[in-house]
Amino acid sequence: MSAPFSLPDRQYMQTALDLAWQGRFSTSPNPRVGCVIVQGQQIVGQGYHVRAGEPHAEVHALNQAGAAARGATAYVTLEPCAHHGRTPPCAEALVRAGVARVVAAMQDPHPLVAGKGLAILTAAGIATASGLMEAEARVLNRGFLSRIERGRPFVKLKTAASLDGKTALANGHSQWITGEAARADVQILRAESCAVLTGIGTVLADNPRLNVRAFPTLRQPLRVVADSGLKTPPDCHLVRDGGATLICTLTADDGRFAAQPNVRVQQLPGQNGRLDLAALLAFLAAEGIGELMVEAGAVLGSVFLQQDLVDEIVCYQAPKLLGDTARGLFALPENPAALAHGPSWQTVALQQLGDDIKWVLQRT
């Protein structure tokens, strides 16, 4: 079902990818999908999936195109769905509309689709092709794909440090190492994430909110607390502000949060008195979490790194020097082999935000 693609094909698919990106704050647990319908050389319909339970991208585009969809080409960033969920199958909607050709950026690996959508279209006599700009489509849906293909979320570790790699003064004071522009960017990262995870140490020390406050969003990320001993205070922001919070612990729920409908306590397996992070990630994936941002202290962040559970590091670095007694970015054992074998991370993006630098790294 692959075929050579023309320059206009690529241009229309790029438009579909740009549309899909508009849903990055709201589609989870569904993938981000955009669709463009072209009749001749004119776009007659376009749309993107906004939120789970609402119409998919293809439906928005077909509604806009109307009768002009007959004989047209549909460009969609993910294979049209083939199953009845909260909405009817998009593949059948494209058949009913009479489109002549469907180009998908990639096939959907979800077991309920996995080629079935394209098969429905082919059986109806519609020309199909897939693989156009697939690499870009995979980046767009890296969380959804990680959840389906690996059984765990795509994990993004967010850190903030001084020029000498320190995160707080020796007394724990850390507000603010980075400037306003960097802190505003963190709000965007949270909004793009399905969930934000922190440790009980951060909850007790900083009483964070871990929500999106800088701009309105259709959905807030789930806040997740790694709290082995169930020490989360009932009066902390994560409990009292009404946002959805999941407390993952080794102990049984003692009922102290029963009066808080926004709080859920989940007992999970442990290792050496600590939560089994691999089990925690598998549980979150089963709950529909595709992109997870970890905002935690040096200890928990280091455990994620040591267990090879981090896919991307986003480090905001400020031009400040805090000195040798300040608290370090990570708490990792010395690893002489790291020098001999070279870095295990590579820079994928650098951006200046005010006086600070946003440094994005991924595994090599």
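In this text the structure is predicted, and so the values were computed from the model without any measurement. Heavy atoms only: backbone and side chains are in, while hydrogens, waters and symmetry mates are out.
Atom CZ of Arg274 sits in a sparse spot, with 12 or fewer heavy atoms from other residues, nucleotides or ligands closer than 6.0 Å. Shown here is Asp254, whose CG atom has more than 12 heavy atoms of other residues, nucleotides or ligands within 6.0 Å.
Within the 4.5 Å cutoff, no side-chain heavy atoms of Thr198 are placed close to those of Val294. Taking the side chain as every heavy atom from C-beta outward, Tyr48 and His60 never approach each other to under 4.5 Å. The closest side-chain heavy-atom distance from Leu132 to Arg10 is below 4.5 Å. Side-chain contact between Asp253 and Gln267 is absent, with no heavy atoms from C-beta onward closer than 4.5 Å. No side-chain heavy atom of Lys320 sits less than 4.5 Å from a side-chain heavy atom of Leu163. No side-chain heavy atom of Glu295 sits under 4.5 Å from any side-chain heavy atom of Thr202. Side-chain contact between Thr159 and Val314 is absent, with no heavy atoms from C-beta onward closer than 4.5 Å. Between Val225 and Leu246, every side-chain heavy-atom pair lies at or beyond the 4.5 Å cut-off.
With sequence neighbours excluded, no residue forms a side-chain hydrogen bond (donor to acceptor under 3.5 Å, both in side chains) with Thr73. Residues satisfying the side-chain hydrogen bond (donor to acceptor under 3.5 Å, both in side chains) test with Glu149, not counting sequence neighbours, are Arg138.
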Which atom pairs, one a donor and one an acceptor, fall under 3.5 Å between side chains of residues 213-220 and the rest of the protein, sequence neighbours left out?
unit_1 : atom_1 : unit_2 : atom_2 : d
Arg213 : NH1    : Asn211 : OD1    : 2.5
Thr217 : OG1    : Arg219 : O      : 3.3
Arg219 : NE     : Ser28  : OG     : 3.0
Arg219 : NH1    : Phe25  : O      : 3.4
Arg219 : NH1    : Ala191 : O      : 3.1
Arg219 : NH1    : Ser193 : O      : 3.2
Arg219 : NH2    : Ser28  : OG     : 3.4
Arg219 : NH2    : Ser193 : O      : 3.3
Gln220 : OE1    : Val212 : N      : 2.8
Gln220 : NE2    : Val212 : O      : 2.9

Residues 31-42 side chain polar contacts: donor-acceptor under 3.5 Å, at least two apart:
unit_1 : atom_1 : unit_2 : atom_2 : d
Arg32  : NH1    : Leu140 : O      : 3.0
Arg32  : NH1    : Glu291 : OE2    : 3.1
Arg32  : NH2    : Arg24  : O      : 3.2
Arg32  : NH2    : Glu192 : O      : 3.2
Arg32  : NH2    : Glu291 : OE2    : 3.1
Gln39  : NE2    : Ala68  : O      : 2.8
Gln39  : NE2    : Arg70  : O      : 2.8

Contacts under 3.5 angstrom, residues 229-239 side chains, donor-acceptor by atom type, not counting sequence neighbours:
unit_1 : atom_1 : unit_2 : atom_2 : d
Thr232 : OG1    : Asp227 : OD2    : 2.7
His237 : NE2    : Asn207 : ND2    : 3.2

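To the nearest 0.5 Å, the span separating OG1 on Thr347 from CG on Leu361 amounts to 4.5 Å. Rounding to the nearest 0.5 Å places OG1 of Thr77 at 12.0 Å from CD of Glu134. Atom CG of residue Leu275 and atom CD of residue Gln266 lie 10.5 Å apart, to the nearest 0.5 angstrom. With values rounded to the nearest 0.5 angstrom, Leu157 atom CG is found 5.0 Å from Phe330 atom CZ. Rounded to the nearest 0.5 angstrom, His110 NE2 and Leu145 CG are separated by 11.5 Å. Here Cys90 contributes atom SG and Glu79 contributes atom CD; the two are 11.0 Å apart, rounded to the nearest 0.5 Å.
When all heavy atoms of Thr249 and Ser228 are compared, the pair lying nearest together is OG1-O, 2.9 Å. Closest heavy-atom contact between Ala91 and Gly117: CB-O, 3.7 Å. Nearest heavy atom pair, residue Pro29 against residue Ala52, reads CD-CB, 4.1 Å. Leu94 and Ile126 make their closest contact through O-CD1, 4.3 Å (heavy atoms, listed as atom of the first residue, atom of the second, distance). Nearest approach of Arg147 to Ile289, heavy atoms of both residues: CD-O, 3.6 Å. Minimum heavy-atom separation, Lys166 to Asp324: NZ-O, 3.8 Å.
In terms of hydrophobic clustering, with Ile, Leu, Val, Met, Phe, Trp and Tyr side chains grouped at heavy-atom distances under 4.5 Å, Ile247 and Leu284 are assigned to different clusters. Under the 4.5 Å side-chain contact rule for hydrophobic residues, Leu292 and Val186 do not share a cluster. There is a path of hydrophobic side-chain contacts, each under 4.5 Å, that joins Val50 to Trp21. In terms of hydrophobic clustering, with Ile, Leu, Val, Met, Phe, Trp and Tyr side chains grouped at heavy-atom distances under 4.5 Å, Ile357 and Leu189 are assigned to different clusters. In this structure, Val95 is a member of the same hydrophobic cluster as Val76, with clusters built from ILVMFWY side-chain heavy atoms closer than 4.5 Å.
A salt bridge (Lys or Arg N to Asp or Glu O under 4.0 Å) check over residues 346-364, counting only residues at least two apart or in different chains, returns the pairs Asp185-Lys358, Asp308-Arg363.
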Kindly determine whether Asp18 and Thr15 satisfy side chain to side chain donor-acceptor pair (under 3.5 Å), including the steps that lead there. CA-CA 5 Å; Asp18 293 342; Thr15 300; 5.4 Å; no

Take Arg152 and Leu280, measure what side-chain contact (heavy atoms from CB on, under 4.5 Å) needs, and give me the verdict at the end. CA-CA 9 Å; Arg152 74 165 180 84; Leu280 187 154; over 6 Å; no

What verdict does the side-chain contact (heavy atoms from CB on, under 4.5 Å) test give for Leu281 and Phe304, after you've listed the backbone C-alpha separation in whole Å, the side-chain angles of each residue and the deciding distance to 0.1 Å? CA-CA 11 Å; Leu281 293 182; Phe304 268 92; 4.2 Å; yes

Stepwise side-chain contact (heavy atoms from CB on, under 4.5 Å) check, Tyr316 with Lys158: CA-CA 8 Å; Tyr316 297 90; Lys158 171 260 172 183; 4.1 Å; yes

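Proximity of a side-chain donor or acceptor of Asn141 to a complementary backbone N or O of Phe144 within less than 3.5 Å is not detected. A distance-only check finds no donor-acceptor pair linking the side chain of Ser146 to the backbone of Arg142 [under 3.5 Å]. With hydrogens and angles disregarded, a donor-acceptor distance shorter than 3.5 Å links the side chain of Asn262 to the backbone of Gly243. Using modelled atom types, one side-chain atom of Arg223 and one backbone atom of Arg209 make a donor-acceptor pair closer than 3.5 Å. Counting only distance, with no hydrogens or angles, the side chain of Asp164 and the backbone of Gly323 share a donor-acceptor pair below 3.5 Å.
Between Glu180 and Arg183, none of the side-chain N atoms (NZ, or NE/NH1/NH2) sits under 4.0 Å from a carboxylate O, so this pair counts as no salt bridge. The existence of a salt bridge linking Glu287 and Arg264 is confirmed by a sub-4.0 Å separation between a basic side-chain nitrogen and an acidic carboxylate oxygen.
Side-chain atoms of Trp345 and Thr364 form no donor-acceptor pair, as typed in the model, at a separation below 3.5 Å. No side-chain N or O of Asn30 forms a donor-acceptor pair with one of Thr27 less than 3.5 Å apart.
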